[in-house]
Protein chains: 2
Amino acid sequence: MSSKPEPVTSEPEPRWLTPAERAGWLSLAGILIRLPGALDSQLQRDAGMNTFEYFVLSGLSMAPKHTLRMTELAAFVSGSPSRLSHVVKRLEQRGWVRRDLDPQDARCTNAVLTEAGWDKVVASAPGHVEAVRHLVIDALTSGQIRQLHEIGERILGRVAPDEPCTAYRPATHETTPTTHPAEASTRQTEPSTRQAKSTAHQTKPTTRQAASTHQTQPATPRSKKVPRS
Amino acid sequence: MSSKPEPVTSEPEPRWLTPAERAGWLSLAGILIRLPGALDSQLQRDAGMNTFEYFVLSGLSMAPKHTLRMTELAAFVSGSPSRLSHVVKRLEQRGWVRRDLDPQDARCTNAVLTEAGWDKVVASAPGHVEAVRHLVIDALTSGQIRQLHEIGERILGRVAPDEPCTAYRPATHETTPTTHPAEASTRQTEPSTRQAKSTAHQTKPTTRQAASTHQTQPATPRSKKVPRS
DNA sequence: GCGAGTCACTTGAAGCTTCAACTAACGGCG
DNA sequence: CGCCGTTAGTTGAAGCTTCAAGTGACTCGC
């Protein structure tokens, strides 16, 4: 980056990839091309949504009151504001998400998972996890899974250098202390298998699932939540 | 897959991901979401095309006479026939590719890289390689690059189980034995630095680049080439 | 307290991909 | 020969993403 000889011609002869580097890159490129489609097709077939929509629902299902500002949600799923807006509108039309104006700050929109949305995530999670397991996890040794994490973090550090490239970390500080009514099947943030198990279909699923399906961004819901006051 | 207890309820409690598995998957998911965009934006900015279009041009640039049937090209870049058709039409409109009817079999269309198309790949290759290097290769140790290859092949084996998931392998058996006119700057399949170096801009680029940018599928150009006769 | 600047979205258009027909050509087979 | 099934590719519509504006709402400084 700093001391390129820059010969007489205008181009400084780029550093081509070695065979080993090429092999690594080609494998990664293959994954980039085919894996999303494979995951999408499972979700599309079994749940009528794509992976990104699933991520959004899943992200909301993990959020404190099943609620997240559009911006937080966008960061969480690594989507542009525009994309989020379109997607949430679609999800709202299907009745899985509701949009409320934030009473604190009228500029902000809060996306809220509806009960139907919650049920949808809970119902879709097992199939998605199964797909992830089948296509990725079960193909690898545990050492490779560790390596995958390390490799992924390093690449993400390059792709989004400005962002805290720590992997998903569960929202430890609950904002919904009164969380598990164990009845309404709405608003739970932590699995709590015993209580919820009997409630609807799976209860553990979503929370775990959400985590497992989601993306690296921590969403940092706490950071800007109370900027004023 | 075989001996699930299957409790009394209808669903056999899926195998959730362990924390380590989740961490690995989340890192991969992050890459799936963000890396394509990062690569696209470089190519879009510097070459006015997206990664898939680049792959197509690059694939043609490596093919024996800079020519590939649509089907072969589709396999090579892992795209559907429809997608290829649309993309090649766009590339044709920009003058980078030509479509000829195959004289042997009138059903088939041969996509041919034009001279302008060749120049375009050659000019775009360095920037793309630089991006790949910056975002992926340089972020990893050589051991990790090896692991990445291994991991990628294993996952690809699951995603496309029916296909020969060997990484790109250069078309060893040349069909264009009289390949390097070293003058026309068209039709070369192997770098052959010495001869071509002076021809146009970069000559090594495309070939190497093509390889480095391309995807795992070997395209197997030989297999169906002469089905009759 | 009001005007400029920023922030948080939303919107519509354009582009790309997918999906579901649809066309044309080849290969057998009776 | 003529029909049927397969193969190769194209097409148009629908859906999703991106891009470029655009709209309110907050904030800060004077």
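The sequence lines fix the lettering, A, B, ..., with proteins before strands; numbering per chain opens at 1.
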- Rounding to a whole Å, what distance do you find between B:Met49:CE and C:dT17:P? 14 Å
- What nucleotide, of C:dT10, C:dC19, D:dT18, holds the atom closest to the side chain of B:His86? C:dC19
- Item | Whole-Å gap separating P (C:dT18) and CD1 (A:Ile33) | 11 Å
- Message: Which residue is it: A:Arg158, A:Arg15, A:Arg154? I am looking for the one with a side chain to side chain donor-acceptor pair (under 3.5 Å) to B:Asp138.
- Response: A:Arg15
- To the nearest angstrom, the CG-C1' distance between B:Leu84 and C:dC19 comes to 16 Å
- Item | Nearest-Å distance for atom pair CG/C1', residues A:Asp105 and D:dC26 | 6 Å
- Note on the structure: Note: for B:Pro103 and A:Thr71 on DNA chain C, the residue whose nearest nucleotide lies more 5' is A:Thr71
- Message: Using a 4.0 Å heavy-atom cut-off, does B:Thr109 contact any base of the nucleic acid, only the sugar-phosphate backbone, or nothing at all?
- Response: sugar-phosphate
- Query: Should the pair A:Lys120-A:Glu53 be classified as a salt bridge under the 4.0 Å nitrogen-to-oxygen rule?
  - Reply: no
- Query: Under 4.0 Å between a side-chain N/O of A:Arg90 and OP1 or OP2 of D:dT17, yes or no?
  - Reply: yes
- Task: Specify the residue among B:Gln44 and A:Glu53 whose closest nucleotide of DNA chain D lies further upstream toward the 5′ end.
- Result: A:Glu53
- Task: May I ask you to say whether B:Arg98 pairs ionically with B:Glu92, meaning some side-chain N is under 4.0 Å from a carboxylate O?
- Result: no
- Note on the structure: Rounded to whole Å, CG of A:Asp40 lies from P of D:dT17 at a distance of 9 Å
- Rounded to the nearest angstrom, tell me the gap between atom CG in A:Asp100 and atom P in C:dC9. 13 Å
- Could you tell me whether the side chain of A:Thr109 and the main chain of A:Leu101 form a donor-acceptor pair under 3.5 Å? no
- Between C:dA8 (C1') and A:Asn110 (CG): distance, integer Å: 12 Å
- Look at the side-chain N and O atoms of A:Lys89 and state whether any lies under 4.0 Å from the OP1 or OP2 oxygen of C:dC9. no
- Judged by nearest nucleotide, the residue sitting upstream toward the 5' end of DNA chain D, A:Ala106 or A:Arg83, is A:Arg83
- Ignoring backbone atoms, establish whether B:Arg107 has a side-chain N or O less than 4.0 Å from OP1 or OP2 of D:dT7. no
- Query: In whole angstrom, what separates A:Phe55's CZ from D:dC16's P?
  - Reply: 16 Å
- Message: Does D:dA20 have OP1 or OP2 under 4.0 Å away from a side-chain N or O of A:Ser82?
- Response: no
- Note on the structure: Exactly one candidate in B:Val87, B:Val112, B:Leu57 meets side-chain contact (heavy atoms from CB on, under 4.5 Å) with B:Val97; the answer is B:Leu57
